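Have a look at the structure below, then the notes.
Residues take their numbers from the sequence shown, with the count starting at 1. These numbers were taken from a predicted model, which means no experiment stands behind them. All values below come from the heavy atoms of this structure, side chains included, with hydrogens, waters and symmetry mates left out.
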Amino acid sequence: LRAINTVVPLAYNNSVKKKDTVYILGDLSFSRKADAERFIDRLNGEKFLIIGNHDKNIHSSTRFVQITQIKDFSYSKFGLNIHIVLCHYCLASYNRQIHGSWHLFGHSHCRPVEGQPKLSFDVGIDRIGIWRPYNLYEICQIMNMKEQGLSEEIILKKIQENKNNI
């Protein structure tokens, strides 16, 4: 646990600036609320929490811009026009799925999800040991590989080959 409390903030803050927007897809803390909030305060960025099943202690924390179960939005900047659905859990069906929207989730902690939709991806920081959030560029690269039909196994291998930037 001490290693996590040291490694995660260091890796996280090396890739997230103070003004960056960060979506945390749940299971942030098992700790008491006060301990969890001290940990959250060490993390850079404007943080949004998509509540997970282990976040009961922080479901009313004031450390987040927003706390919700699902975040469903369109992103249109830098030539991108993407609809994204965020949830702690992998959803079998989600808004605008048939139109190519993306679904990002956590919860599975490295375990394969049976029936996972093609354009969905587990972005848990524990998945391949990068211990930091994926950035939008990486998500775009991942979804591009998924659209090309590459398996998650191959995608994860590519990510592990270069943990700082795919």
Side-chain angles (χ1 to χ4, degrees), residues 1 3-5 7-8 11-12 15-16 21-31 36 39-40 43 45 47-59 61 64-76 80-166:
L1 188 59
I4 293 291
N5 286 332
V7 170
V8 170
Y12 178 104
S15 65
V16 177
T21 299
V22 180
Y23 294 96
I24 299 170
L25 303 190
D27 288 354
L28 182 61
S29 175
F30 267 128
S31 302
F39 179 80
I40 295 163
L43 303 176
K47 295 172 280 297
F48 291 73
L49 177 63
I50 311 305
I51 202 93
N53 54 307
H54 298 301
D55 295 322
K56 292 170 183 59
N57 55 344
I58 55 173
H59 73 277
S61 175
F64 301 97
V65 174
Q66 181 183 37
I67 298 175
T68 186
Q69 289 192 358
I70 294 178
K71 180 81 174 170
D72 186 328
F73 64 100
S74 291
Y75 181 87
S76 296
L80 294 173
N81 188 19
I82 311 161
H83 191 84
I84 304 171
V85 177
L86 307 175
C87 184
H88 177 63
Y89 304 101
C90 181
L91 302 173
S93 179
Y94 51 91
N95 191 25
R96 301 189 51 78
Q97 180 177 359
I98 64 169
H99 300 291
S101 66
W102 298 351
H103 169 47
L104 306 175
F105 63 95
H107 185 66
S108 61
H109 301 287
C110 310
R111 293 180 306 271
V113 178
E114 191 172 325
Q116 177 181 330
K118 181 179 178 180
L119 292 179
S120 64
F121 191 75
D122 175 357
V123 294
I125 65 170
D126 59 345
R127 187 158 190 204
I128 58 164
I130 61 172
W131 303 112
R132 62 160 177 80
Y134 291 86
N135 62 48
L136 182 59
Y137 175 76
E138 291 167 329
I139 297 297
C140 289
Q141 296 285 86
I142 289 165
M143 292 306 187
N144 184 44
M145 287 186 268
K146 288 185 84 89
E147 286 176 339
Q148 293 174 19
L150 284 135
S151 71
E152 288 221 1
E153 183 179 350
I154 291 171
I155 293 170
L156 290 174
K157 197 177 270 189
K158 286 180 177 284
I159 293 168
Q160 280 194 302
E161 286 170 2
N162 188 357
K163 288 183 181 178
N164 294 321
N165 188 0
I166 60 169

Minimum-distance pair of heavy atoms, taken over all atoms of [X] and [Y]:
X    : Y    : answer
I82  : C140 : CD1-SG, 4.3 Å
L91  : P117 : O-CG, 3.3 Å
K71  : I50  : CB-CD1, 3.6 Å
S76  : N81  : OG-OD1, 2.8 Å
W102 : G100 : CD1-O, 3.5 Å
P133 : I125 : N-CG2, 3.8 Å

Donor-acceptor under 3.5 Å ([X] side chain, [Y] main chain):
X    : Y   : value
D55  : I58 : no
K47  : L43 : yes
S101 : Q97 : yes
H54  : S29 : no

Working to the nearest 0.5 Å, report the span between [atom1] of [X] and [atom2] of [Y].
X    : Y    : atom1 : atom2 : value
C87  : H107 : SG    : NE2   : 10.0 Å
N95  : S74  : CG    : OG    : 8.5 Å
S15  : N135 : OG    : CG    : 7.5 Å
I24  : L86  : CD1   : CG    : 12.0 Å
I155 : L150 : CD1   : CG    : 5.5 Å

Check whether any side-chain heavy atom of [X] sits under 4.5 Å from a side-chain heavy atom of [Y], and report yes or no.
X    : Y    : answer
H83  : V85  : yes
N53  : Y89  : yes
L104 : S120 : no
T68  : I51  : no
M145 : I154 : no
F39  : N5   : yes
I159 : I142 : yes
I139 : V123 : yes

Query - Ring centroid separation H103 to F105 under 6.0 Å - result: yes
Query raised in the report: Below 6.0 angstrom between ring centroids: does that apply to Y23 and F73?
Result: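 Y23 vs F73: aromatic centres under 6.0 Å.
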Query raised in the report: When you look at F121 and Y134, which way does the ring-ring contact (aromatic ring centres under 6.0 Å, His included) test go after all the steps?
Result: CA-CA 11 Å; F121 191 75; Y134 291 86; 5.8 Å; yes
Please check if the number of heavy atoms outside [X] that lie under 6.0 Å from its [atom1] is greater than 12.
X    : atom1 : value
E147 : CD    : yes
E153 : CD    : no
H59  : NE2   : no
F30  : CZ    : no

Query - E152 and its salt bridge (Lys or Arg N to Asp or Glu O under 4.0 Å) partner, picked from K146, K158, K157 - result: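 Exactly one option meets the salt bridge (Lys or Arg N to Asp or Glu O under 4.0 Å) with E152, and it is K146.
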Query raised in the report: For Y94 and L119, what are the C-alpha separation, side-chain angles and deciding distance, and is it a side-chain contact (heavy atoms from CB on, under 4.5 Å)?
Result: CA-CA 11 Å; Y94 51 91; L119 292 179; 4.1 Å; yes
Report task. Test side-chain contact (heavy atoms from CB on, under 4.5 Å) on L25 and F48 and set out the steps. Result -> CA-CA 8 Å; L25 303 190; F48 291 73; over 6 Å; no
Requested in this report: Could you give me the CA-CA distance, side-chain angles and deciding distance for D27 and H88, then say whether side-chain contact (heavy atoms from CB on, under 4.5 Å) is met?
Outcome: CA-CA 8 Å; D27 288 354; H88 177 63; 3.2 Å; yes
